[in-house]
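Labels below follow one simple rule: chain letters A, B, ... track the order of the sequence lines, proteins then strands, and each chain is numbered from 1. Values below: all heavy atoms of this structure, side chains included; hydrogens, waters and symmetry mates excluded.
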There are 2 protein chains.
Amino acid sequence: MTIPDRPALPPRDRIIDAARDLFRKHGVRGIGVDAIAEAADSNKMTLYRHFGSKDDLLITCIEKAASEAEAFWVALEEAHPGDAKAQLRDWVKRAGDFVTVDHCNCELIDAAAQLVESDHPARRVIEQVRRGQLRRLTQLCRDAGIAEAELLVDALTLLIEGARVNWRSAGEGGASTRFVDAAERLIDSFATQQRVLAVG
Amino acid sequence: MTIPDRPALPPRDRIIDAARDLFRKHGVRGIGVDAIAEAADSNKMTLYRHFGSKDDLLITCIEKAASEAEAFWVALEEAHPGDAKAQLRDWVKRAGDFVTVDHCNCELIDAAAQLVESDHPARRVIEQVRRGQLRRLTQLCRDAGIAEAELLVDALTLLIEGARVNWRSAGEGGASTRFVDAAERLIDSFATQQRVLAVG
DNA sequence: GTCAGATGTGACCGGCTGGTAACATTGTCA
DNA sequence: TGACAATGTTACCAGCCGGTCACATCTGAC
């Protein structure tokens with residue numbers, strides 16, 4: 001157990017890392033603070049000195065995931081400066097990895113979606129992060145010349161959320177590995193704008 | 001509280017109905033047997049006389065949802081006898097309602113997916129039900145003349161699971177209302193078979 | 001009426017979990 | 001060395017929850 005490969009990290013960071021990992025694997029409700037502290041090679045008391053409550057820890061995790069998502073967009077722009085179409089194509093591929101690689105931090109968001117009590121303090125943060133992501137992706141689609149950018153983004157949202165859920169329940173052999181293919185087809189459909197009811 | 005509009009239903013059925021509703025809303029982990037019994041206008045003891053454990057109740061709920069899904073396919077065949085293309089088009093529309101209407105029984109399945117412990121007794125049932133659904137949908141696509149039926153089914157799976165998750169977390173205003181549009185575009189794409197990398 | 005089976009009621013147990021208190025340990029800086 | 005802050009350890013509390021027990025109530029069949 002524990003994470004012996006980064007001894008230099010202070011307890012607070014180790015706790016956040018462990019919490020993100022375990023929240024992802026077991027759900028927010030499925031893991032206890034004791035287990036988180038132990039996995040972080042720390043203890044419950046230190047956890048509560050840094051985070052006032054389990055919810056507080058959860059929010060911190062989400063915020064860290066959000067800041068990493070920020071880096072995602074920066075990398076996209078740096079890889080294809082000024083080329084929105086290339087960025088969109090690259091976005092699909094990276095999102096595909098993002099979903100199927102085990103280190104998928106966004107999974108935090110739907111782990112937290114289990115908190116159906118809509119007044120949960122984490123919901124606000126989650127909504128804010130999600131809105132930011134959607135705004136950026138919509139702008140990217142628009143820059144890439146997609147007319148109905150909002151529609152495409154909604155469709156891509158369904159695909160990516162479905163892929164995350166499916167990955168967690170079905171794993172390697174599941175449908176989530178087809179995310180990239182499906183996303184590219186949708187983008188094609190919106191880019192060419194030729195909607196015929198081909199079936200029937 | 002309680003469900004006063006069906007007094008004739010025996011306690012066992014009321015408990016199943018209440019459990020499905022509450023599992024859906026709060027997740028399997030988020031609701032207690034006491035609350036289920038009370039919502040069913042019954043009590044915990046009667047619950048445990050009919051179901052050996054909470055897990056047992058969960059499995060019964062999933063099985064009932066599965067049998068209703070069976071009725072779904074029967075209705076589809078009756079509505080368009082022998083016309084696979086029409087059935088596929090209708091499937092999309094019905095699945096769209098299925099997802100966005102609050103009475104979405106399939107949500108049980110991903111509520112149960114929170115049970116990440118892979119040895120949970122409900123997992124077996126869930127996997128079995130899911131496989132059956134996929135098989136039927138694949139056959140329908142094939143009958144409708146889709147060559148790469150498995151690929152299309154995987155893509156539709158992602159869409160529908162994403163729509164369910166998104167509906168729960170975002171509701172009316174969310175992306176899940178675009179499910180039908182996205183699904184039709186995907187079907188078009190697979191039916192016409194003309195995949196050009198239109199973007200870029 | 002009465003008998004049996006199903007249902008309802010309240011109390012209870014044990015384990016887990018979020019959270020706290022008190023004290024011990026370590027490490028660092030002067 | 002001494003002092004201080006951060007961290008670790010142990011024990012504990014309270015509440016919730018899955019599950020059980022003993023007993024009361026109801027209902028329909030005969």
Side-chain angles (χ1 to χ4, degrees), chain A residues 1-4 6-23 25-62 111-112 114-117 119-122, chain B residues 1-4 6-23 25-62 111-112 114-117 119-122:
Chain A
M1 69 199 94
T2 77
I3 311 175
R6 29 186 145 155
L9 243 52
R12 188 188 142 93
D13 294 334
R14 295 200 316 263
I15 289 172
I16 295 177
D17 288 350
R20 291 179 63 187
D21 184 47
L22 294 175
F23 282 157
K25 284 182 185 157
H26 304 278
V28 179
R29 283 211 159 95
I31 199 74
V33 286
D34 261 316
I36 294 174
E38 190 186 349
D41 208 9
S42 181
N43 59 82
K44 192 160 59 167
M45 208 50 234
T46 308
L47 188 154
Y48 275 101
R49 285 197 193 99
H50 286 286
F51 311 94
S53 66
K54 191 184 180 182
D55 286 344
D56 189 16
L57 172 59
L58 172 62
I59 291 178
T60 307
C61 288
I62 294 171
Q114 296 172 10
L115 314 165
V116 195
E117 314 86 72
D119 56 342
H120 192 284
Chain B
M1 70 198 90
T2 75
I3 312 174
R6 31 185 147 157
L9 242 53
R12 188 189 142 91
D13 293 335
R14 296 202 313 264
I15 289 172
I16 295 178
D17 288 351
R20 290 179 64 188
D21 184 46
L22 294 175
F23 283 158
K25 283 182 185 156
H26 303 277
V28 180
R29 282 215 161 92
I31 198 72
V33 286
D34 261 316
I36 293 174
E38 189 186 351
D41 206 10
S42 181
N43 58 84
K44 193 160 59 167
M45 207 49 232
T46 309
L47 188 155
Y48 275 101
R49 284 196 193 99
H50 285 287
F51 310 95
S53 66
K54 190 184 182 183
D55 287 344
D56 189 15
L57 171 59
L58 172 62
I59 290 178
T60 306
C61 288
I62 294 171
Q114 297 171 10
L115 313 165
V116 196
E117 314 86 72
D119 57 343
H120 193 285

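Counting only residues at least two apart or on different chains, no salt bridge (Lys or Arg N to Asp or Glu O under 4.0 Å) pair has a member in residues 45-54 of chain A.
When the C1' atom of C/dG18 is taken as reference, atom CZ of A/F23 falls 12 Å away, rounded to whole Å. Between the P atom of C/dT7 and the CG atom of B/D41 lies a distance of 13 Å, rounded to the nearest Å. Per the geometry, CZ belonging to B/R14 stands 16 Å off P belonging to C/dA6, to the nearest Å. The CZ atom of A/R12 sits 19 Å away from the C1' atom of D/dG8 (whole-angstrom rounding). Atom CE in B/M45 sits about 16 Å away from atom P in C/dA11, given to the nearest Å. Between the CG atom of B/L9 and the P atom of C/dT7 there is a distance of 12 Å, given to the nearest Å. Distance B/D56 CG to D/dT20 P: 12 Å, rounded to the nearest Å. In this structure, B/N43 places its CG atom 14 Å from P of C/dA11, rounding to the nearest Å.
With A/R29 contributing its side chain and B/G30 its backbone, the two residues share no donor-acceptor pair below 3.5 Å. Checked by atom type and distance alone, the side chain of A/D56 pairs as donor or acceptor with a backbone atom of A/G52 at under 3.5 Å.
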Could you run down the sub-3.5 Å N/O contacts of the protein with nucleotides 24-26 of chain D?
none

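Between B/S42 and B/I15, the closest heavy-atom pair is OG-CD1, 4.1 Å.
Remark: B/R12 engages B/I16, B/H50, B/F51, B/T60 in a side chain to side chain contact (heavy atoms under 4.5 Å, CB included) (not counting sequence neighbours). Checked against side-chain hydrogen bond (donor to acceptor under 3.5 Å, both in side chains), A/T46 has the following partners two or more places apart in sequence or in another chain: A/N43. Annotation: salt bridge (Lys or Arg N to Asp or Glu O under 4.0 Å) contacts of A/D34 (sequence neighbours excluded): A/K44.
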> How does each nucleotide of nucleotides 11-19 of chain D score, in 5' to 3' order, for protein heavy atoms under 4.0 Å: base (B), sugar-phosphate only (S), or none (-)?
Replying inline: -------BB
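Residues A/D17 and A/L9 meet the side-chain proximity criterion, which asks for heavy atoms closer than 4.5 Å. Contact check for A/L57 versus A/I36: side-chain heavy atoms found under the 4.5 Å cut-off.
The side chain of A/H50 places an N or O atom within less than 4.0 Å of a non-bridging phosphate oxygen (OP1 or OP2) of D/dT7.
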